[in-house]
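Before any comments, here is the structure.
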Amino acid sequence: MTRRVRTRIAPSPTGFLHLGTARTALFSWAFARHHGGDFILRIEDTDVARSTQEAVDQIIAAMKWLALDYDEGPFYQMQRLDRYREVIAKMLAEGTAYHCYCTPAELDAMREAQRARGEKPRYDGTWRPEPGKALPPVPAGVPPVVRFRNPTDGDVTWADMVKGPITISNRELDDLIICRPDGTPTYNFCVVVDDWDMQISHVIRGDDHVNNTPRQINILRALGAELPQYGHVPMILGPDGDKLSKRHGAVSVTQYEEAGYLPEAMVNYLARLGWSHGDAELFDRAQLVAWFDGQHMARSAAQWDAAKLNWVNAQYLKQMADEPLAGLVALHLQRRGIAAVADEQLQRRCALFKDRCATLVELADWLGMYFVPVEPLAAEVAAHVTDAVRPALQSLRDRLTEIDWDKATIAAAIKDVLGTHGLKMPQLATALRVLVCGRAQTPSIDAVLALFSRDTVLSRLQAV
Ligand code: GLU
């Protein structure tokens with residue numbers, strides 16, 4: 001590759017960072033990193049009515065959470081209006097763009113007439129300058145739009161990085177408005193100037209933009225700009241086959257952070273949505289960068305699979321070192337109003353429970369019992385804290401007041417009590433679980449108890 005690889009993600013700040021945009025950002029980022037190039041963040045905020053600073057902040061926070069670091073930006077289109085106007089003036093001067101004074105009413109009538117003749121509605125070229133053509137007199141008081149003078153013949157062809165060769169006839173494209181009557185440039189035009197100025201070498205984006213690409217290529221050509229390569233990634237679908245949307249559940253990256261997913265797991269899962277490397281399912285970021293050479297992006301749409309995401313996240317939780325894990329779990333506990341600190345005790349608790357959890361939220365659900373009183377269900381108490389078990393619980397409680405507080409000694413005390421009272425392990429262990437942990441199933445009870453303070457265990461057994 002001769003050109004320096006420069007990719008970009010160009011979200012519109014009209015809401016949170018959608019999973020689809022995050023996946024496109026990930027592909028663009030990984031591709032740039034693979035080639036030692038640059039990744040750029042551009043905020044497409046020309047829809048002034050719908051763009052908000054809050055959305056920009058959310059997008060940046062989500063990118064940060066996913067550790068998709070950008071080398072340049074954020075660039076804001078609204079801060080580049082002078083530049084767009086400068087390019088429009090140049091195109092008008094060079095004749096690759098022209099003023100059009102058709103009023104909205106005239107355009108409506110034009111389209112109506114075309115439809116009535118069974119033609120596809122399109123701008124009819126009234127104001128398009130041609131050699132030897134006399135243009136209508138400029139009407140007074142009509143602010144003009146600026147239209148791009150699209151080629152009338154030939155095709156636009158590009159080798160799409162994802163979809164392969166795509167050809168669109170110029171006959172399909174009419175003269176696009178690049179500047180509105182009030183002087184604001186339009187979306188497709190701003191994208192072109194930005195990609196040109198930012199020397200973007202590869203545009204990886206959702207395939208909802210395929211129709212924009214031939215128009216953008218024509219404008220880039222008119223400007224004498226080097227064309228980027230384009231890759232259009234298929235949409236992510238929900239389980240019912242429709243485009244993934246709020247209707248299917250959480251679609252904002254931030255919601256996944258809140259729901260207890262690890263960014264590394266998210267990156268791994270998102271990478272596999274529409275890209276593959278052999279049959280590799282679990283790979284870290286460095287591996288992804290090493291592999292992501294722009295090949296093997298899937299042509300067909302990927303389907304969101306919540307169960308698979310949970311599986312991936314569970315694998316990352318299991319592998320995660322206890323110290324950073326405790327830090328994250330402490331945050332989740334704090335969000336519930338529990339003043340947890342990420343000390344060694346919390347690390348040990350994470351180590352004991354992380355294997356059985358898919359998310360940090362599930363892990364925090366488990367560990368809550370170490371911080372706040374539990375409320376066992378009356379039915380479970382009735383079923384397990386029976387008259388047969390109660391005397392054993394009482395003698396165990398007595399033993400627990402005096403022994404060393406560690407797993408082996410607690411295990412030995414339980415064993416002694418079982419022997420004395422002629423009970424089986426599950427009878428005593430389940431009763432202990434219900435009373436101390438508030439639920440009938442936990443990991444090995446001696447290990448679970450050892451991670452409580454002695455006082456907490458004694459007080460939860462008090463009521464026996
Ligand atoms: N702002 C566009 C979007 O959010 C991105 C356009 C592009 O990548 O060219 O879909």
Side-chain angles (χ1 to χ4, degrees), residues 5-32 37-52 54-60 62-63 66 68 70 72-81 84 156 158 160-163 166 168 176 178 184-220 223 225-236 243-246 251-254 270 274 294 297 301:
V5 169
R6 289 172 60 83
T7 63
R8 81 318 190 261
I9 185 70
S12 306
T14 53
F16 48 77
L17 187 68
H18 188 281
L19 291 170
T21 313
R23 195 237 346 216
T24 311
L26 175 61
F27 286 4
S28 301
W29 173 87
F31 185 73
D38 308 311
F39 173 60
I40 294 156
L41 173 61
R42 179 164 90 215
I43 304 291
E44 301 204 324
D45 55 353
T46 52
D47 184 348
V48 179
R50 293 173 61 225
S51 297
T52 65
E54 197 195 336
V56 172
D57 295 344
Q58 266 219 36
I59 288 167
I60 290 175
M63 302 265 296
L66 291 171
L68 301 180
Y70 38 91
E72 293 172 27
F75 295 110
Y76 294 84
Q77 288 187 323
M78 285 306 285
Q79 291 173 11
R80 290 177 42 78
L81 293 177
Y84 304 137
V156 183
W158 75 95
D160 198 275
M161 294 165 72
V162 181
K163 293 176 183 286
I166 299 183
I168 311 277
L176 186 77
I178 59 175
T184 54
T186 58
Y187 169 72
N188 270 300
F189 179 74
C190 299
V191 170
V192 163
V193 177
D194 289 348
D195 286 341
W196 181 32
D197 285 353
M198 294 168 196
Q199 297 175 305
I200 300 301
S201 65
H202 295 78
V203 171
I204 299 172
R205 61 183 170 199
D207 68 0
D208 47 340
H209 288 283
V210 167
N211 290 336
N212 291 329
T213 302
R215 303 173 192 284
Q216 294 181 6
I217 288 177
N218 279 334
I219 301 175
L220 284 163
L223 291 168
E226 192 175 350
L227 297 183
Q229 289 188 46
Y230 293 90
H232 291 94
V233 188
M235 300 283 99
I236 303 174
K243 189 181 159 190
L244 186 70
S245 72
K246 274 187 193 161
V251 284
S252 118
V253 169
T254 313
L270 284 172
M297 282 185 274

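Sequence positions, counted from 1, serve as the residue numbers for this chain. Note that ligands are numbered from 1 as they come in the structure, with each ligand's atoms numbered from 1 the same way.
The main-chain N or O of S12 is never found under 3.5 Å from a side-chain atom of D47 such that the two would form a donor-acceptor pair.
Atom 8 (O) of ligand 1 has as its closest protein heavy atom R8 NH1, 2.7 Å. The nearest protein atom to atom 5 (C) of ligand 1, hydrogens excluded, is given as A10 O, 3.3 Å; this is a heavy-atom distance. Scanning the protein heavy atoms around atom 1 (N) of ligand 1, the nearest turns out to be E44 OE1, 2.5 Å. Atom 3 (C) of ligand 1 has its closest protein heavy atom at H209 NE2, 3.7 Å.
Residues H232 and T213 have side chains that bring a donor and an acceptor to within less than 3.5 angstrom of each other. Looking only at atom types and distance, the side chain of S201 has no donor-acceptor partner in the side chain of Q229 under 3.5 Å away.
The aromatic rings of Y187 and H209 sit tilted relative to each other, their planes meeting at an angle between 30° and 60°.
The side chain of Y187, and not its backbone, has at least one atom closer than 4.0 Å to an atom of ligand 1 (non-hydrogen atoms only; side chain from C-beta on).
Within a 6.0 Å sphere centred on CD of E72, other residues, nucleotides and ligands contribute more than 12 heavy atoms.
Taking any N or O of S12, backbone or side chain, at least one lies under 3.5 Å from an N or O belonging to ligand 1.
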